[in-house]
2 protein chains.
Amino acid sequence: MGAVAGRARGGRGRGAGRGAGGAALSGGKAPGGGRGRRARVTLRQIADEVGTSQSTASRALAGHGYVAPELKARIEEAAARLGYVPDISARTLKGHSSGLIGLLVSDLRNQFYAQLAAGVEQTVAAAGHQVVLVDDHGDEAEAVRGAKAFVAMRAAGVLLAPVGREATELLVGHGTPVVEVDRRSGVRGCDAVIIDSESGAREAVGHLLALGHRRIAVVVDETVWDTGRNRLKGYRAAHRAAGVPLARRLVLDLGLRPDDPRRDVAAFLDANPDVTAVFAANNVMAEAVWQELKRRGAAVPGRCSMVSFDDLTWMRVVEPGLTAVRQPVYEMGNRAAQLLIERIDGGHGRAETRTLRPELVLRGSTAAPASAPGADIGAS
Amino acid sequence: MGAVAGRARGGRGRGAGRGAGGAALSGGKAPGGGRGRRARVTLRQIADEVGTSQSTASRALAGHGYVAPELKARIEEAAARLGYVPDISARTLKGHSSGLIGLLVSDLRNQFYAQLAAGVEQTVAAAGHQVVLVDDHGDEAEAVRGAKAFVAMRAAGVLLAPVGREATELLVGHGTPVVEVDRRSGVRGCDAVIIDSESGAREAVGHLLALGHRRIAVVVDETVWDTGRNRLKGYRAAHRAAGVPLARRLVLDLGLRPDDPRRDVAAFLDANPDVTAVFAANNVMAEAVWQELKRRGAAVPGRCSMVSFDDLTWMRVVEPGLTAVRQPVYEMGNRAAQLLIERIDGGHGRAETRTLRPELVLRGSTAAPASAPGADIGAS
DNA sequence: CTGTTAGCGCTTTCAG
DNA sequence: CTGAAAGCGCTAACAG
């Protein structure tokens, strides 16, 4: 191996008519100059421009090693003038992770996830990283594809909002720090930030029971993840605590991803015209219940009270306002991102789960049941 | 330079007790194996494993050049077994762009942007790329920081939803394909997908005028971007078309980013108790108007009609439903991403702007004005 | 069809 | 304090 391996760098910079103030840019590459994709400005270019070496330029710009103040100033000036922007891939390739943080959600159109994403983005940006967003639309295969993309780009860490085990396992298997949000998959080795679904549901249903309701329906998306399951558990626990017997017929479990939840709610209410209150386990269910109640002209809370788990904008704008279990979603995004960043910055130690407490917000949609006989919400 | 420049690759793979089916992984690196960050699996490793060269492995896995079927199969098997995932940064560094697509929005908590982001994500993912999401919270400096990050990561292209000129110029100056969404900055050289604000507003206000309203207020966020400006323009155009004189006092322009729009609306209504209808120029304004109308117990549409530009979930759930100018937001995200991808895939030619037409959705919040004298919505 | 070679732009020892 | 040199993992000629 010879001594002169590096590319020769003569022929540019160094005295090419820059005597009068360094106005002449080498090759007309001023940012905002020519149209179309120009060659990107590299460290070597600014080094040539200043007449120093790549490594010195690197040190000056990265602020790590020692560089003479005067030289450093000239390098910085050249970098600014040429519009230098360091190339992340090169830096990443060198060994550091990309600084990208993956966020996998299951439905961005749902305000819940949008809020969550907003919270995550805020904290991530404040820490100087970027969010790579993938929406799997509830499709496990998409989630896995997303997870692969995250490891391919050497994401510094990943946040998983409701997705299955497979994606989590893949990531953890590749050594990528993972924080699960809103739900725990049960995969070992990842942190989690969740909301105490059970106690939130218990409180909501307890409120209904305290008002005197005895036939309270619960409408759930699914009971296979811990969110749905724990909300149902809370519903049951509240009944037990109040000494009110449970009736299986009052549980409407839609199984995963129903096409038209409102129709299912309608059929359910037709079959159970005597319910006096409904507990909706999430915002999608709440919307379906609300719409159906409105459609059949059932007065809320006159004929039927209702409580929602999750509190969105529309719930406080409608008349009457919906009594709801408010989840601090945005904050949950903040916290999850925070936890992930701590983990990335060398936080070792055991995986931890942080649990946030939801809060029951009382509004107009709940009241004591009508005592008049026959005041049911049966068939429209 | 000697002939043997590559690192020696003996000592691993090649006959290390793999006779019985290749079960022994070199060094126990099975995905899902040990805890903690393991060394990542590289092309060289799988090449060694199979006993071939890096480039052959590359060709086999990338599907480009020629590789003997049998060898190819063995390479693929090894890759799968070792959990190989190609390193994007290396590929990017080599010259290809990262495949990442930047999306800059100004407020993800606003459902409008969330829907937009969802639409973008869908199309981008379908094209095999990823979305890097940055929310600048309406802060130009943040937007510029985001734009820099996009060029640093060699984003294949960037989508800009309402942000100022500076970020756009920076990106365009670096040769990054840019598509502006919802608003045009006026910077030359970038495509745009927007909604015809003026005609939407004209139609909405025209509807109000046709119902007989003569004192119609308009509430706008800002009139410095083309969105707000064009909606105001539409408001005026409708009046001119109907031969109804314009009154300056009926225009409430909040200037950018007001803290508490509802309070401003309240003051405005106190000062103009004779308005019979309000046109809100976007969803934030609509919420403020709606809340304030409700607060002072003004019947809608009895005392005051209202129309919103932008149609969100809550607007069709409240009673009465809001008459609104529906913008195909999700679709706008799709289209913008589509346009960007076309541009990335070599679409040259002139920058183009695609305009989507909004649609007026009639609901219960608009009716003919009350003819009774003194039926105004003045001070609460 | 397969292997060797030469970098992409950057960071990081390690000598001067 | 500065510069030369060695790669990070991958792709893309170009020889065999």
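Source: prediction; values computed, not measured. Scope of the values below: all heavy atoms of this structure, side chains included, with no hydrogens, waters or symmetry mates. In what follows, chains are A, B, ... by sequence order, proteins preceding strands, each numbered from 1.
Direction change of the helix axis from one end of the helix from C/dC1-D/dG16 to C/dG16-D/dC1 to the other is 40°, with five pairs defining each end axis (rounded to 10°).
Counting only residues at least two apart or on different chains, the salt bridge (charged side-chain N to carboxylate O under 4.0 Å, His left out) pairs with a member in residues 147-168 of chain B are A/D87-B/R154, B/R165-B/E169.
Remark: A/T42 pairs with no residue by the side-chain hydrogen bond (donor to acceptor under 3.5 Å, both in side chains) rule, at least two apart or across chains. Every side-chain hydrogen bond (donor to acceptor under 3.5 Å, both in side chains) that B/T168 has, sequence neighbours left out, goes to B/E180.
Contact annotation: the side chain of B/L103 never approaches that of B/V158 to less than 4.5 Å [non-hydrogen atoms, C-beta and beyond]. Side-chain contact check for B/L170 versus B/V151: some heavy-atom pair is nearer than 4.5 Å.
At whole-Å resolution of the value, CD1 in B/I75 and P in C/dT2 are 8 Å apart. At whole-Å resolution of the value, CG in A/L43 and P in C/dG7 are 18 Å apart. Taking atom CD of B/Q45 as the reference point, atom P of D/dC8 lies 11 Å away to the nearest angstrom. Between the C1' atom of D/dG7 and the CZ atom of A/R91 lies a distance of 17 Å, rounded to the nearest Å. Atom pair A/D87:CG and C/dC8:C1' shows a separation of 8 Å (rounding to whole Å applied). Here the C1' atom of nucleotide C/dT2 and the CD1 atom of B/I46 are 15 Å apart, to the nearest Å. The separation between A/Y84 atom OH and C/dT11 atom C1' is 10 Å, rounded to whole Å. Taking atom CG of residue A/L71 and atom P of nucleotide D/dC1, one finds them 11 Å apart after rounding to whole Å.
A close approach under 4.0 Å does not occur between any side-chain nitrogen or oxygen of B/T52 and OP1 or OP2 of C/dT2. For D/dG3, the OP1/OP2 oxygens have a side-chain nitrogen or oxygen of A/S53 closer than 4.0 Å. Not one side-chain nitrogen or oxygen of A/Y66 sits closer than 4.0 Å to the OP1 or OP2 atom of D/dG3. Note on B/T42: every side-chain N or O is 4.0 Å or more away from OP1 and OP2 of D/dG9.
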If you look only at distance, which donor and acceptor atoms sit under 3.5 Å apart when one is on a side chain in residues 56-63 of chain A and the other is two or more places apart or in another chain?
{"unit_1": "A/T56", "atom_1": "OG1", "unit_2": "A/S53", "atom_2": "OG", "d": "3.0"}
{"unit_1": "A/R59", "atom_1": "NH1", "unit_2": "A/Y66", "atom_2": "O", "d": "3.4"}

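Going from atom CG of B/L171 over to atom OG1 of B/T176 covers 5.0 Å, rounded to the nearest 0.5 Å.
For B/A68, the listed nucleotide lying nearest its side chain is C/dC1; candidates were C/dC1, C/dG9, D/dC10. Looking at the side chain of B/L93, the nearest of the listed nucleotides D/dT2, C/dC8, D/dC10 is C/dC8.
Salt bridge absent: B/E77 and B/R74 never bring a charged side-chain N and a carboxylate O closer than 4.0 Å.
Taking both residues in full, the closest heavy atoms of B/D191 and B/A351 are given as OD1-CA, 3.3 Å, listed atom of the first, atom of the second, then distance.
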Check nucleotides 12-15 of chain D against the protein and report each pair of N or O atoms closer than 3.5 Å, with its distance, or say if there are none.
{"unit_1": "D/dA12", "atom_1": "OP1", "unit_2": "B/H96", "atom_2": "NE2", "d": "2.8"}

